[in-house]
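So that the names make sense, note that chain A is the first sequence line, chain B the second, and so on, each numbered from 1.
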Amino acid sequence: MSSLRSELETRIQGWAKTHFPKIGPGPWVRPCADPRHGHFQTHLPMVAAKQTGANPREIALRLAQECPTPPDWANPEVAGSGFVNYRVHPAAVAKAVETLRKDPAFGILQTPKAETIVMDFSSPNIAKAMHVGHIRSTLLGDSLSRLLSRCGHKVIRINHLGDWGTQFGKLLLAYRQAGRPALDPNRSIQQLEEFYKKGHEQAESDPKKMDEARAELAALQTGETERMKDWQHFCHRSAEHFHEIYRRLGVTFDLEKGESAYHDELPGLVEELLRLKIAEISQGAVVVHNTNISEEPFLIRKSDGAFLYGTTDLAALRSRVRDLHANRIIYVTDGRQQLHFRWLFDTAQKWNQHVALEHVWFGTILGPDRKPLKSRDGTPIKLGDLLDEAKERAKKILQEKRPDLSGEVLNAKAELLGIASLKYADQMPGRNLDYVFTWEKLLAFDGNTAPYILNAYVRSRSILRKAGIPASPDHPIVLGESAEEELSRQLLRFGEVVDLAASDRKPHHLCGYLFETAGMFHRFFEACPVLQASSPALQKSRLTLVGLTGDILREGLGLLGIPTLEEM
RNA sequence: GCGCUGUUAGCUCAAUUGGAUAGAGCAUCUGACUUCGGAUCAGAAGGUUAGAGGUUCAAGUCCUCUACGGCGCACCA
C-alpha cells in the first residue's frame, strides 16, 4: 500500500535517475516543516547542483516542469534556493484514505528482507526483586519486538535470566544455616533477599565465612544434589515473581533461558578460542585483545579458572546462531554496557559467527539528584511497588471522574490506565538520554500522556456507538474542513512512522506520532460535527474517519504494548 | 589518563538523520461548555540550541577546541 509521500518519491527518484544518475538513492521527499510551503518538499535540486555545478533554481524549475505529479496534485512550486514544493488536492487525500481504510495493515509495509531476529531483553536476576532498572529494557525490548514482527520479521524474544552468578554462594550459606526452609510463595523474593543479605554480611566480616560461601558456590557448580535442589527452588519462586510482573505489563517471552543453561559449554568454548588463536593467556587469565576497542582486553576466563559474564554471552550467542538460526541478535540493555558489547561483538566476528549484532542501549535511570536511583532505604524502587503506585494514582483520578464505578470494574480500569501511563512515559523520551526518575513524570495524566491518547480513542468509539455502528465503517471520504484534511494526511503517515520506529529501534517516534494524531483528532472533533453533520454523505465520511483514527490509535498503542479500553 | 555519552524555553522532552521562521507538554496568564465524553479546545508568554572557531548554498544536527554533567575502563554481572 503506497502512501502519498511514496507515490511522489517514486516519481522524483525516477526523474533523478534519468537526469542525475550519480545522485544518491534518496529519500528525496519529506513533509514540509511549514504547512504554508505545501505538504511535501524536495531539496534534490540543491544536491544535484552541488554535484554538477549547475544552478539549483534552474534544476528545480526543470524538475517542476518535467516530473509529473500523481493525479489530483497541484502544480509544484519552486521556492527558496532550490526547493520544490508539492500540494495534494483534498480529492487525492480522500482517495488515499479510502485505500488505507481497506488495508488491514493500515499502511505498514512488510519488509522485503525478513530476518530471524533474537531480541534479548529484560534479563532480571534470580533471587532478587525486579526494580525500576529493569523497566526500560523490558518495555523497549517488548515494543521493538512488536514493531519488528509487525514489519514482517520473525522475532524470538529471549529472557536471558541471571541465574548462575557468584551471589548464590552467599545466599546458599545463609539459607542452609536457616535449615533450608520452604519459601513462602507470597514473599519468597523478600526472603531470598534477606538470606542473601545475611550471607553477604557474614562473608564480608569474617574471612572464614567467605571461604564457606565460596565452598557453597563450588558445590553448586559441580552439581551437588542438595544445593541443586535449593537452587531450583530459588529459580521457581523467582520465576513466579517475574511472571506476575510480566503479566501485569503484558510482556511475553518465547524463551526463558538462564545463564546456567550454557554452563557446561564454557570450558570447551574457551579452549576453542585459544586453539583458534582468537584468545590468548595473559597474567594467568584468558583474554581477547583488540586495541582498536580499548587497551584492556576482554576477559573470558579468570586466572582461577572461573568463567565470566562475557563467556556466557559468547555461548548464548553461538547457541542462537546455531540452534535458533538467528540472522540478527539485538541486545537491549543499559548504556553502561557498551564496552562489553563491543568486546563481545568483536570476538564473535573473529570467531566467524555469521550474525548481525546490535546493542540497543538506553540511558541510566537517575534520581532527582541526578545520581543513580535509590529509594530511601538504599535499594532500588521495586517494580511491583511502582506498578501498584501507578494503579493507585489512576484509581484516585477515576474516582473523581467516574464516581459511578466501583469494585472490579474500577480496579481493572485503574490497573490499565496506571500501567498505560507508566509505559508511555517510559518510552516517550528518546532512549539514549539519562532518565531522571520522578513519580510525577512517570505517572502524569495530563498533556503528552497515554490517557490523552486513550481519551481520543474512547471518544472515537463513543461516536460510533452513538451512531449505532458496531465496527469501523467504510464509506466514501469527503474532505471540506481543514481539520479533517489535516487529520487524514496524518493517518496516511502511520505506516512510515512505524517503519522509522522499527528500523531506527526508536519507539519514541511512534509516541510522538500518536500524540499528534490524538491532538488532531481532538481538534477535528471540535471543528467538525459528526452526528450533526450537514448531509448524510458528510456524516458517513466523518464516521469513517472517526473509525479509522480510532483503529490507528489502537494499532499504534498496541505496538507500544499499551492496550486500549472502550470507555474511560 | 584513555574511551563512550550528553548539554535545546523556568521544568521535562521533540525536531522525519544536513533543509526554509527550532516544536510540544508541564507550570504561568487569558478565553470557550446546560459537551457527538472537559482526561477537551482556542490564544498569550517563554530561545544567541553550553561557549568559541570551522566545513556548507544551508548546521541544534558534521569537524576541531573549551566548559560542565553522567558512565565505563582484567579477573562482578
Of all residues at least two apart in sequence or in a different chain, which pass the side-chain hydrogen bond (donor to acceptor under 3.5 Å, both in side chains) check with [X]?
X	result
A/S503	none
A/R87	none
A/Q221	none

Residues 37-61 of chain A vs side-chain hydrogen bond (donor to acceptor under 3.5 Å, both in side chains), sequence neighbours excluded, gives A/H39-A/R489
Please measure how far the C1' atom in B/U61 lies from the corresponding atom in B/A44, and state the result in whole Å. 31 Å
Can you tell me how far C1' in B/U7 sits from the matching atom in B/A52, rounded to whole Å?
16 Å
Sorted by chain and number, sequence neighbours left out, ring-ring contact (aromatic ring centres under 6.0 Å, His included) with A/F515 holds for A/Y452
Would you say [X] places a side-chain N or O within less than 4.0 Å of OP1 or OP2 belonging to [N]?
X	N	value
A/S462	B/G37	yes
A/K441	B/G25	no
A/H509	B/A15	yes
A/K466	B/G37	yes

| query | Relative to each other, are the rings of A/F298 and A/H340 parallel, tilted or perpendicular (30° and 60° limits)? | reply | perpendicular
_Can you tell me how the ring of A/F525 sits relative to the ring of A/F521, calling it parallel under 30°, perpendicular over 60° and tilted otherwise?_
tilted
Taking pairs as Watson-Crick (N1-N3 plus N6-O4 or O6-N4) or G-U wobble (N1-O2 and O6-N3), each distance under 3.5 Å, the stems of three or more consecutive pairs with RNA chain B are B:1-7 with B:67-73, B:10-13 with B:23-26, B:28-32 with B:40-44, B:50-54 with B:62-66
| Carboxylate-amine/guanidinium proximity below 4.0 Å for A/E496 and A/R5 | yes
Do NZ/NE/NH1/NH2 and the carboxylate oxygens of A/D551 and A/R554 come within less than 4.0 Å?
yes
The residue among A/D334, A/D434, A/D426 that forms side-chain contact (heavy atoms from CB on, under 4.5 Å) with A/F362 is A/D334
Under 3.5 Å, which protein N or O atoms sit close to an N or O of nucleotides 18-23 of chain B? Give each pair with its distance.
{"residue": "B/G19", "atom": "OP2", "partner": "A/R30", "partner atom": "NH1", "Å": "2.7"}
{"residue": "B/G19", "atom": "O2'", "partner": "A/Q41", "partner atom": "OE1", "Å": "3.0"}
{"residue": "B/G19", "atom": "N7", "partner": "A/H43", "partner atom": "NE2", "Å": "3.3"}
{"residue": "B/A20", "atom": "N7", "partner": "A/Q41", "partner atom": "NE2", "Å": "2.8"}
{"residue": "B/A20", "atom": "N6", "partner": "A/Q41", "partner atom": "NE2", "Å": "3.4"}
{"residue": "B/A20", "atom": "N6", "partner": "A/N85", "partner atom": "OD1", "Å": "2.3"}
{"residue": "B/A20", "atom": "N6", "partner": "A/N85", "partner atom": "ND2", "Å": "3.2"}
{"residue": "B/A20", "atom": "N1", "partner": "A/N85", "partner atom": "ND2", "Å": "3.4"}
{"residue": "B/U21", "atom": "N3", "partner": "A/R36", "partner atom": "NH2", "Å": "2.9"}
{"residue": "B/U21", "atom": "O4", "partner": "A/R36", "partner atom": "NH2", "Å": "3.3"}

Please list each protein N or O that sits under 3.5 Å from an N or O in nucleotides 41-50 of chain B, with the distance.
{"residue": "B/C41", "atom": "OP1", "partner": "A/Y452", "partner atom": "OH", "Å": "2.4"}

Across all chains, not counting sequence neighbours, the side chain to side chain contact (heavy atoms under 4.5 Å, CB included) partners of A/E415 are A/R248, A/K391, A/I419
Here the salt bridge (Lys or Arg N to Asp or Glu O under 4.0 Å) pairs for residues 30-39 of chain A, sequence neighbours left out, are A/D34-A/R36
Quick note, salt bridge (Lys or Arg N to Asp or Glu O under 4.0 Å) partners involving residues 515-541 of chain A, not counting sequence neighbours, are A/R493-A/E516
So, with a heavy-atom separation below 4.0 Å from RNA chain B, the residues of residues 532-550 of chain A are none
- Task: With heavy atoms under 4.0 Å as the rule, sort A/Q338 into base, sugar-phosphate or nothing.
- Result: sugar-phosphate
| request: May I ask you to say what A/L433 touches in the nucleic acid, namely base, sugar-phosphate or nothing, with a heavy-atom cut-off under 4.0 Å? | output: sugar-phosphate
